[in-house]
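What follows is a set of notes on a single structure, which appears directly below.
So you know, we letter chains A, B, ... as the sequences are listed, proteins then strands, and number each from 1.
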Amino acid sequence: MLYALLGGFGVAALAAWLHRLTGRHSGWILALWPATLLLYFLSFLPDINSGTVLFFYDWIPSLQIRLSFRIDGLSLLFALLISGIGLFIVAYAGRYLEGHRDLGRFYVILLAFMSSMLGVVLADNLIALFVFWELTSITSYLLIGFNHEDASARRSALQGLFVTVGGGLALMTGLILLGQVGGSYELTELLDNGDAIRQHALYTPILLLIVLGAFTKSAQFPFHFWLPNAMAAPTPVSAYLHSATMVKAGVYLLARLHPALGGTELWSALLGTAGAVTLFIGIWLAVRSTGIKKMLAYSTVMALGTLTLLIGIGSEQALAAAMAFLLAHSLYKGALFMIAGIIDHETGSKDLRDTGGLFRAMPVTAVVAGVAALSLAGVLPMFGFVAKELLFESVLDDPRTWLLAMVVAGAVMTVAVAALIGILPWYGQPVATKKIPHEAPPALLAGPVVLATLGLLGGLFAPWVDQHLLAAATSAVAGTPVNPDLALWHGINPALGLSLFSLIAGLLLYRWHDGFRTATAFTDTLAKRGPERGYDWLMAALVRIAETQTRFFQSGYLRYYLMITLLTSMSLVWLVIGMKGDGLRLHLDLRDVQFHEAVLIFTLMAGAITAARTTSRLGAVAALGAVGFTVALLYVMFSAPDLGITQVLVETLTVILLVLVLFRLPGFLKLSSTALRVRDAIVAASVGVTMTALVLFALDARLYDSISHWHIAESLPSGYGRNMVNVILVDFRALDTLGEIFVLALAAIGVLAMIRLRAEDKRHE
Amino acid sequence: MNNPRQHQSLILRVTGYFLLPLLILFSLFMLLRGHNEPGGGFIGGLVAAAAIVLYMIFSDVKAARRLVAVDPRDLLGWGLAIAILSGLPGLFLGQPFMTSQWMELDVPMFGMLKVGTPLLFDIGVYLVVIGTVLTILLTLAEAED
């Protein structure tokens, strides 16, 4: 199991190299990995009705973070979709982006995404789930921005990232709260603990935070705007991430947590409303658009809204409808997106108005598009029909009639969209296209053909699909065993009536869709004031705030940086002492001071004062050197030879450094006025007093036993060294040292960059 | 130091040539004894860097770069890599990252010698320190021209 998941990252790491090795057919070669995964997950299918399979691997045991995975109906349904569609997408991408110079990189990200997405749906541990969740956001960002030379693609990528990761932040908080309230981070335990969680005082914030995360990811209103923009990605990405898999992660999470969080009024109101509004707005915008991918993207928003709505309703029938709809949608939308890519690839057209009469040139594609569009419209005997019937039945049972109105209106427009995609490009007068159209190669056709056929077979053998997969999935969402009894024919009932009505009304809408589009043009102005404006405003505000505070803090003068740092730390120290410093005493006892120590101290102070007052730069360097060497002497006297040696060496090198830069500095001028110097003196003196006071307080107050005893005792037996300082540096606290040497290396690179860049600037002048 | 040949001290140059190998040896000595006596990778690295800087002062920057043979920036990378590497063996034994591992070697004439990952780590520190000091100082010295 672990290999199935993390192996994907390994394959991703090798993908670019494999691509270079295998050249033209790399898509098929790399598709072997998802194919293997598909077979692996299919092997769970026969036993899926007998219960959940769990896998455990320790990750960070001290934080209760485990790599634990579960396979039940829901996660298996998703895993099959991810690996199955992934198989065709990888093969498709190999041909679609053939000859693209970054195809290798594309594979890397795509395969990494696939593994992350599998991680999301298989994880049993909340934290692991969240990590994979964020990985999908990041890989999605990289894929949307794949054409990184295109400014609008970059903008869309960033928008998608901000929206989903912003929601992810809320999600993380929600998941941690959930883990705290539920007493475990394992889904297995949380899902059995639903009653306790729902009655907890923190239930509402938990629900709101998690729902926020799910809504941003699954593009629910008012966060729907990032999804259509994400269509800047190459088509295989749109087909895979932004319709079949990633955007369903939010829906998955809601479905997954339904037994723990669902069933309350808040749940139903929140999800029902958001789902219905998203559904309606999504399909409205879909009918109104003419770009093929835009239209499909908006209809995906509609589908996501429908799924949220169904999970919000939460009856057994609604959950069964959600699972059926999810499966149907992934099949036909994956196929339709890939067909949109084919049209783009073979004709160069991205807009419905630029296409027509393509049937003659590409009959197979046209037929496949027709089959997929029938499933989208929900026509007998497609699987989409089964899902639509269930949808109507569940909404009919819900007391909220306005939901029904929304859903029916949505269904009508969905039929119109299906007709637009299934009929318009293929029949009627041929339109001159940029490229001469011809039939797509097998790598491009394989995905749509298989997915569309599955959509047809699923409808014909609906009871089989039900028994072998969807019943288990629905039971996992419901939390109790459910038998939804899917069938193609439900008899003559109100749902069938609604289905017929939507079909006829939808076709009428298709007939007059140009008129409809002109008649509803006024909504465009409305859409311009939509949530995307809010996003833009927020981003602009963020940049403004960043600018203001950068201008305030980053003056570019070292003296101000120093002053801000010193004054801030000083005030914080005094604040804490003032608040919690009861009973602190200054441990001022000068009786033990030896004569030679006093001499050293006076040398030190004289050096410091000279350095500050001298008018010669060399004098200042020498005075500072005196201070440094005196400190080194102090170290030696207080038996810290390591520190002493280090101090001496650092002083030596500092002097050399100063000598190197000395004559490059401008003449030693008295730049600051007396008032400024007085101010600096006051700052310096108060910082000195603060530090001294802090040390003296610390001497007196010992809250815990000193750790030195442990170090002294353990240095030789566990660290095998007599030099305690060194044992601490390289063994007991080696991680700190590792951090420090990283800082050292970075500082060196910083200096290098600064000097080199300046030198280059000069050369250009 | 625009033209180092003009104002260099004969005494510095002669003693410098003799001091250089001694200082490098001393830095290695500091590095190796560090676990039991004052010393260690940090101090050793500083001594070695100081030795090379001394060489730079009595000859010139180019000669110093030739002496080091590798770019000091590479030393940064190698040092960090070695330091991280020294933390890995613990992981393979199922312990947290950076858990030290020791083994005793029976070296002829020296008796039992304890070798462990902390030594490797210290070598990493040693290299990073040399790399940092030399990167900064050599770049600064070069920038004069």
**OP:** For atom CD1 of B/Ile11, decide whether the heavy atoms of other residues, nucleotides or ligands shown that lie under 6.0 angstrom number more than 12.
**Re:** no
**OP:** Return the option, out of B/Thr117, B/Thr135, B/Leu75, with the maximum number of heavy-atom pairs under 4.5 Å with chain A.
**Re:** B/Thr135
**OP:** With a 4.5 angstrom heavy-atom cut-off, could you sort out which part of B/Leu134 is near chain A: side chain, backbone, both or neither?
**Re:** neither
Subject >> Test item: A/Thr614 side-chain N/O and A/Ala611 main-chain N/O as donor-acceptor pair under 3.5 Å >> reply: no
Original post:
Between A/Val648, A/Thr737, A/Leu744, which has the largest tally of heavy atom pairs under 4.5 Å with chain B?
Top reply: A/Leu744
Original post:
Contact part of A/Val730 toward chain B, heavy-atom cut-off under 4.5 Å: side chain, backbone, both or neither?
Top reply: both
**OP:** Under 4.5 Å, counting heavy-atom pairs only, tell me which of A/Leu746, A/Ile656, A/Ile749 racks up the most with chain B.
**Re:** A/Ile656
**OP:** Under 4.5 Å heavy-atom distance to chain B, tell me which part of A/Ile755 shows up: side chain, backbone, both or neither.
**Re:** side chain
Original post:
Charged N to carboxylate O under 4.0 angstrom, B/Glu142 versus B/Lys62?
Top reply: no
Subject >> Part of A/Thr652 lying under 4.5 Å from any heavy atom of chain B >> reply: neither
Original post:
Does any heavy atom of chain B fall under 4.5 Å from the side chain of A/Leu729, the backbone, both, or neither of them?
Top reply: backbone
Original post:
Backbone N or O of B/Ala83 within a donor-acceptor pair of the B/Ser86 side chain at under 3.5 Å?
Top reply: yes
Original post:
What residue in B/Asp122, B/Val133, B/Leu119, B/Leu138 has the most heavy-atom pairs under 4.5 Å with chain A?
Top reply: B/Asp122
Subject >> Counterpart residues, salt bridge (Lys or Arg N to Asp or Glu O under 4.0 Å), relative to A/Glu740 (two or more places apart) >> reply: none
Original post:
Aromatic ring centroids of B/Phe58 and B/Tyr55 under 6.0 Å?
Top reply: yes
**OP:** Could you tell me whether B/Tyr126 and B/Phe42 have their ring centroids closer than 6.0 angstrom?
**Re:** no
